[in-house]
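Below is one structure; the comments refer to it alone.
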Amino acid sequence: MNPKENAIKWQKKWERAGIFKAKDNIKKNKFYCLEMFPYPSGYLHMGHVRNYSIGDAFARYKRMCGFNVLYPMGYDSFGLPAENAAIKEKADPKKFTEKNIKGIKEQQKLLGWSYDWDREVQTYSPEYYKWNQWIFLKFFKKGLAYKKPGLINWCSKCATVLANEQVVKGACWRCKTEVELKHLDQWYINIKKYAEELLNGIDKLKYWPENVKTMQRNWIGKSHGTTIDFEIVDENGKRTGEKISTFTTRPDTLFGVTYLVFSVEHPMVAKLIKGTKFEKEVKKFVKETIKKSIIERTAEGKEKNGCFLGKYFINPANGEKCPLWVADYALMEYGTGAVMAVPTHDQRDFEFARKYDLPMRIVISAPGEPLDPKKMKKAYEGNGMMVNSGQFDRMNNGKAIEEITKWLIKQKSGKRTVNYKLRDWLISRQRYWGTPIPVVYCDKCGIVAEKEENLPIKLPTDVKFTGKGNPVTTSAKFVNCKCPKCQGKARRETDTMDTFVDSSWYFLRYCSPKDNKKPFNKTKVNYWLPVDQYIGGVEHAVGHLLYARFFTKALRDLGLLDFDEPFTKLLTQGMVTKDGAKMSKSIGNIVDPMQMIDKYGPDTVRVFILFAALPEKELEWNDQGVAGISRFLFRTYNLVDEPRKQKKETGNKEKTLIGKLHRTIQQVTESLDNLELNRAINALMELVSAVNRYREEEVHLNTYKEILRVLTILLSPFAPHIAEEMWHKQKQKGFVSIAKWPAYDKGKIDVKAEACENLIGSVMADIAKVKELAKLDKIKEVKLFVASEWKFKFAKNMKKLLAKTRDVGKIMKEFMQSDLKSYGQEIKKMIPRLIKDPTRLTETILDQKTELKILKAAKEQIESEFSCKLFFEKAEATEEVKAKQAMPGKPALIIN
RNA sequence: GCGGGUGUGCCGGAGUGGUCAAACGGGUCAGGCUUAGGACCUGAUGGCUUAGUGCCUACGCAGGUUCGAACCCUGUCGCCCGCACCA
């Protein structure tokens with residue numbers, strides 16, 4: 001059998017029979033297994049192979065368990081690479097994308113992943129992005145999508161703005177270019193409105209990995225605090241009538257405020273310095289700071305810089321007049337963009353105050369020696385007793401947070417505030433290959449939404465890719481349009497949507513991919529969703545996974561669906577590495593899945609990648625390991641390809657092998673349920689070894705057949721093509737891919753037999769030794785000494801004891817006081833377990849008959865193989881042996 | 001700094017209170033079978049020892065709980081990942 005040819009053969013048969021199609025059958029139990037759809041880069045890498053092999057094994061398993069399984073695939077096919085290719089190679093992005101989809105799909109089919117291809121979704125098609133636009137309009141009408149001027153992240157290389165989530169360590173997530181800040185008018189989606197629900201919802205995601213949940217919590221970044229207003233005064237203490245708001249989580253330190261800083265982008269800065277002698281210097285400072293990149297500004301351990309504004313403010317707590325500064329360490333994006341500074345109790349303020357020699361005052365006492373602002377080397381950020389704080393003195397600072405907030409509210413200079421780090425999602429992109437934002441700008445009517453019936457607003461095709469500016473703007477036909485409201489002349493929005501919009505709801509489209517009236521059919525979506533198992537990379541923890549959750553909630557509030565969370569279970573698969581590093585072109589350690597398939601066939605690649613590590617852990621690619629899997633699969637296949645001649649008599653290994661089979665079913669089933677796929681394969685390997693080891697006369701033909709039949713079923717989620725071929729060779733009907741998953745019978749799992757295995761193991765070891773000796777012609781007779789009597793005696797006594805009393809402690813005591821030597825250490829080890837679970841007594845300890853049986857078999861084997869004679873009666877042991885065998889344990893081999 | 005995770009033989013990884021020198025696979029070594037092949041089969045693979053067997057050491061490090069700990073608790077160190085001048 002050629003594994004690759006065999007795979008292709010069965011793939012064609014599956015396709016013809018259409019066995020993987022999901023039915024919108026509302027009565028049957030559904031299971032929605034979803035993988036993060038790929039960006040079609042044209043080739044499949046090992047990360048894909050891992051992701052989809054996990055999903056496929058699971059989808060196949062669930063299908064075989066009788067679920068109505070939805071297992072779809074699609075392509076996240078808008079995005080920059082296609083457009084960059086267009087610029088570079090003068091290709092059409094559409095053709096480029098279609099070519100790539102074709103390529104990647106061929107490879108996916110070759111791996112035998114059991115998708116329902118009828119439901120394929122491609123985000124670049126007008127039939128799909130029409131609904132992006134439709135949803136956008138719904139959001140727009142609800143105020144969830146809006147345009148506003150703002151300070152945005154700009155990537156000069158990609159020539160577009162980026163969402164917050166797309167800035168990684170101050171650089172563009174895609175090209176790693178340092179991000180600049182710019183003031184621009186941009187489209188946003190009001191995800192912040194859902195911040196609270198998104199945060200609370202995390203607690204309900206019981207089956208999500210902890211790290212992903214933590215990342216989302218941190219990203220949303222909720223903090224409770226107080227907004228405090230300060231009145232601004234001039235040098236003489238005269239009120240200017242202006243107020244400044246600050247956000248703090250530590251209102252207890254209010255009495256320690258000695259100055260206040262604005263961020264350089266704060267709009268009040270310019271107002272306060274206008275026409276003063278400070279104007280020139282401050283402006284210079286602000287300009288220089290803004291010019292610096294985010295990376296530079298947020299570098300670790302960076303010295304803080306600032307500039308005095310020439311104005312002051314009044315601390316409402318003590319009426320003190322303190323200076324106003326602008327500083328580079330205050331961030332416009334967080335809180336109000338202004339910070340009340342408490343040098344003694346905040347490290348950043350401390351550093352700043354030291355540098356510019358600003359006053360410090362202790363307001364919270366630390367335990368131990370009293371704090372001295374002059375001697376302090378760092379701020380004290382811990383808890384303690386309030387001091388220098390008027391009426392709040394001697395209060396615990398935790399209580400003071402509450403009391404001072406109450407007091408501020410009463411004074412009308414403060415309020416409780418909940419602050420989030422999460423910011424609204426910036427979705428407009430100044431690029432071509434994306435969904436056009438369906439609005440127009442009319443001189444008369446302003447921003448006007450397109451009419452629904454005009455959708456889709458198709459991407460223009462008469463554009464030039466110059467590499468400069470947004471190509472969409474080069475299409476006059478597209479830009480110049482009519483206002484949907486007044487029919488007058490208007491300009492069309494040329495920005496396109498972030499591709500993360502596309503992927504925020506694609507999993508809904510799979511339920512009714514051809515619907516041309518709605519983005520998705522509500523009934524079907526309510527049937528299939530939420531996704532039961534989602535699988536993908538952890539890199540989407542705060543991007544895609546948060547957006548998709550948001551979309552679900554927003555669409556729910558639009559009445560389009562009836563659930564709150566899209567993904568019930570999430571698995572983030574680990575990286576695939578080679579030589580200890582992530583596979584990458586630059587390191588040159590890439591393993592091409594296609595080469596592996598040519599050499600070994602898809603089953604080997606799949607099984608290796610599932611077996612080599614737990615799905616969520618890092619996986620080190622190992623060529624030798626792959627060869628090992630290939631051998632395992634051949635060994636398995638050979639069981640049916642070259643069947644042994646079975647006898648139609650009941651053999652002595654019957655029970656053992658059936659027990660092993662049921663144990664395997666149990667292990668594979670349980671492992672699959674927990675997505676521990678490596679362990680499932682592990683169990684299969686053990687079964688194959690066990691089947692390989694028995695002898696013809698040991699098992700009845702029917703038993704043998706049944707074992708192979710079930711083994712084939714168990715193998716099929718992992719190595720479906722080989723399993724099909726095996727199924728076929730066994731003359732089974734239909735496809736094993738949709739065969740019924742076997743149930744295991746706990747009663748058939750022969751615990752006794754399993755315990756025997758150990759014994760057999762040791763006997764076998766002895767046989768091996770005998771073999772060696774036999775070869776050397778050194779023995780004529782072999783005596784096997786069995787000393788197992790003690791076990792049964794002991795067990796009996798134990799049973800009696802347990803029957804008398806249930807006081808385990810007492811038994812323990814009695815036992816420890818008794819003469820251990822007479823029992824031996826073996827027994828000592830055994831006791832507590834017996835106490836723990838007396839019912840296992842008969843299971844753990846073999847009955848004498850079984851043990852003798854095994855030994856008899858071993859004896860026969862040895863005798864026939866080596867034409868020697870073997871004794872194993874205790875009585876035959878010589879006195880000498882008895883003496884040496886001070887501690888009888890396992891059967892021992894005596895060679896005369 | 002904060003948060004999440006992790007640490008077991010040559011390697012990947014089992015094992016989460018007792019029958020454990022540690023499953024299964026890979027590698028290596030020895031042997032078998034062979035129309036010699038990257039196929040298949042058997043055995044060995046912590047240390048010291050034996051006729052059989054047994055003993056010692058080991059699960060990052062240090063303590064603790066327990067009759068008994070790789071497993072539970074405390075502290076500590078290393079590694080990986082995420083966030084980070086978030087007021």
Side-chain angles (χ1 to χ4, degrees), chain A residues 168-169 209-215 217-219 221 223 225 246-250 253 261 297-302 304 327-331 333-342 346-349 351-352 381 419-421 538-539 541-542 575 599 608 611-614 616-620 622-632 634-635 638 676 678-679 681-686 689 692-693 755 758 764-766 768-769 771-773 775 783 785 809 812-813 815-816 826-836 844-845 880-881 884-887 889-890 892-896:
Chain A
V168 179
K169 289 178 184 164
E210 220 37 65
N211 59 337
V212 172
K213 290 199 278 189
T214 310
M215 279 162 79
R217 279 194 197 98
N218 292 344
W219 190 260
S223 57
T246 64
F247 172 79
T248 181
T249 54
R250 293 292 302 273
T253 61
V261 288
R297 279 171 67 180
T298 59
E300 202 175 332
K302 187 195 156 285
K304 294 157 181 49
D328 56 1
Y329 78 94
L331 305 173
E333 309 88 73
Y334 189 75
T336 62
V339 186
M340 61 171 233
V342 187
D346 182 286
Q347 186 57 24
R348 293 152 302 173
D349 300 340
E351 286 167 29
F352 191 81
E381 292 177 330
N419 202 38
Y420 299 93
K421 281 196 244 177
V538 72
E539 66 272 18
V542 285
M575 266 195 314
K599 195 168 174 189
F608 170 74
F611 176 65
L614 274 170
E616 58 269 24
K617 285 198 177 165
E618 189 180 290
L619 185 156
E620 169 75 10
N622 175 344
D623 287 330
Q624 284 160 331
V626 180
I629 295 297
S630 180
R631 282 201 295 274
F632 159 68
F634 267 106
R635 225 180 298 145
N638 286 341
E676 299 163 331
N678 56 335
R679 300 177 67 184
I681 294 166
N682 196 347
L684 285 172
M685 285 175 168
E686 282 185 54
S689 303
N692 253 330
R693 257 198 287 272
N758 291 338
M764 287 313 220
D766 288 341
K769 287 215 173 79
K771 260 186 178 178
E772 256 172 67
L773 292 167
K775 224 174 90 193
K783 274 190 187 176
F785 173 71
M812 206 62 239
K813 226 174 185 178
F815 175 72
M816 295 318 277
E826 283 281 331
I827 310 168
K828 189 187 167 192
K829 281 183 183 168
M830 219 171 243
I831 290 171
R833 183 184 170 122
L834 297 177
I835 290 171
K836 208 174 135 198
T844 3
I845 296 175
E880 185 200 5
V881 171
K884 281 186 178 168
Q885 192 84 29
M887 213 173 282
K890 288 173 182 173
L893 190 68
I894 313 296
I895 297 171
N896 277 4

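In what follows, chains are A, B, ... by sequence order, proteins preceding strands, each numbered from 1.
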### Task
Decide yes or no for A:Asp346 and A:Phe352: does some side-chain heavy atom of the first lie under 4.5 Å from some side-chain heavy atom of the second?
no

#### Entry: Approximate separation, where rounding is to 0.5 Å, of A:Arg217 CZ and A:Glu210 CD
6.0 Å

#### Entry: Side chain of A:Arg348 (C-beta onward), nearest among B:rG13, B:rC85, B:rG3
B:rC85

### Task
Can you tell me the pairing partner of B:rU74 across any strand shown, Watson-Crick or G-U wobble, with both distances under 3.5 angstrom?
B:rA62

### Query
Among the nucleotides B:rG3, B:rA87, B:rA14, which one has an atom lying closest to any side-chain atom of A:Asn218?
B:rG3

### Query
With rounding to whole Å, what would you report as the distance between B:rC48 and B:rC81 at their P atoms?
39 Å

### Query
Among the nucleotides B:rG4, B:rA87, B:rA14, which one has an atom lying closest to any side-chain atom of A:Glu210?
B:rG4

### Query
Closest approach of A:Ala341 and A:Asp349, non-hydrogen atoms and distance?
CA-OD2, 3.3 Å

Could you write out each protein N or O paired with an N or O of nucleotides 22-26 of chain B at a distance under 3.5 Å?
residue : atom : partner  : partner atom : Å
B:rA23  : N1   : A:Asn682 : ND2          : 2.6
B:rA23  : N3   : A:Asn682 : ND2          : 3.3
B:rC24  : O4'  : A:Asn682 : OD1          : 3.2
B:rC24  : O2'  : A:Asn682 : OD1          : 3.0

### Message
Say we look at B:rG26 and B:rU76: how far apart would their C1' atoms be, to the nearest angstrom?
### Response
35 Å

### Message
Within this structure, what is the CD-CG distance for the pair A:Glu676 and A:Asn682, rounded to the nearest 0.5 Å?
### Response
11.0 Å

### Task
Taking only the side-chain heavy atoms of A:Asn678 (C-beta and beyond), determine which of B:rC83, B:rC85, B:rA14 contains the nearest atom.
B:rA14

### Query
Which residue, A:Asn211 or A:Leu619, contacts RNA chain B at a nucleotide closer to its 5' end, judged by nearest heavy atom?
A:Asn211

### Task
Counting Watson-Crick and G-U wobble pairs only, both distances under 3.5 Å, name the nucleotide matched with B:rA44, or none.
B:rU28

### Query
Pick one for B:rG82: is it syn, with its angle within 90° of 0, or anti?
anti

#### Entry: Base paired to B:rC67 (Watson-Crick or G-U; both N/O distances under 3.5 angstrom)
B:rG18

#### Entry: Non-hydrogen atoms of A:Ala330 and A:Val261 that approach each other most closely
CB-CG2, 4.2 Å

### Query
Is the number of heavy atoms from other residues, nucleotides or ligands within 6.0 Å of NZ (A:Lys599) greater than 12?
no

### Message
Within the 4.0 Å heavy-atom criterion, would you say A:Leu614 contacts the bases, only the backbone, or no part of the nucleic acid?
### Response
sugar-phosphate

### Message
Does the structure show a Watson-Crick or G-U wobble partner for B:rC83, both distances under 3.5 Å? Name it, or say none.
### Response
B:rG1

#### Entry: Distance, P atom - from B:rC20 to B:rA70, rounded to whole angstrom
14 Å

### Message
Classify the ring geometry of A:Phe247 against A:Tyr334: parallel below 30°, tilted from 30° to 60°, perpendicular beyond 60°.
### Response
perpendicular

### Summary
Testing B:rG82, B:rC85, B:rA87 for proximity to the side chain of A:Thr248, the answer is B:rA87

### Query
For atom P, what is the distance between B:rU74 and B:rG25, given to the nearest Å?
38 Å

### Query
What nucleotide, of B:rA14, B:rG4, B:rA87, holds the atom closest to the side chain of A:Thr249?
B:rA87

### Query
How about A:Ile629 and A:Met685: do any of their side-chain heavy atoms sit closer than 4.5 Å?
yes

### Query
Between B:rA87, B:rG13, B:rG4, which nucleotide gets closest to the side-chain atoms of A:Ala613?
B:rG13

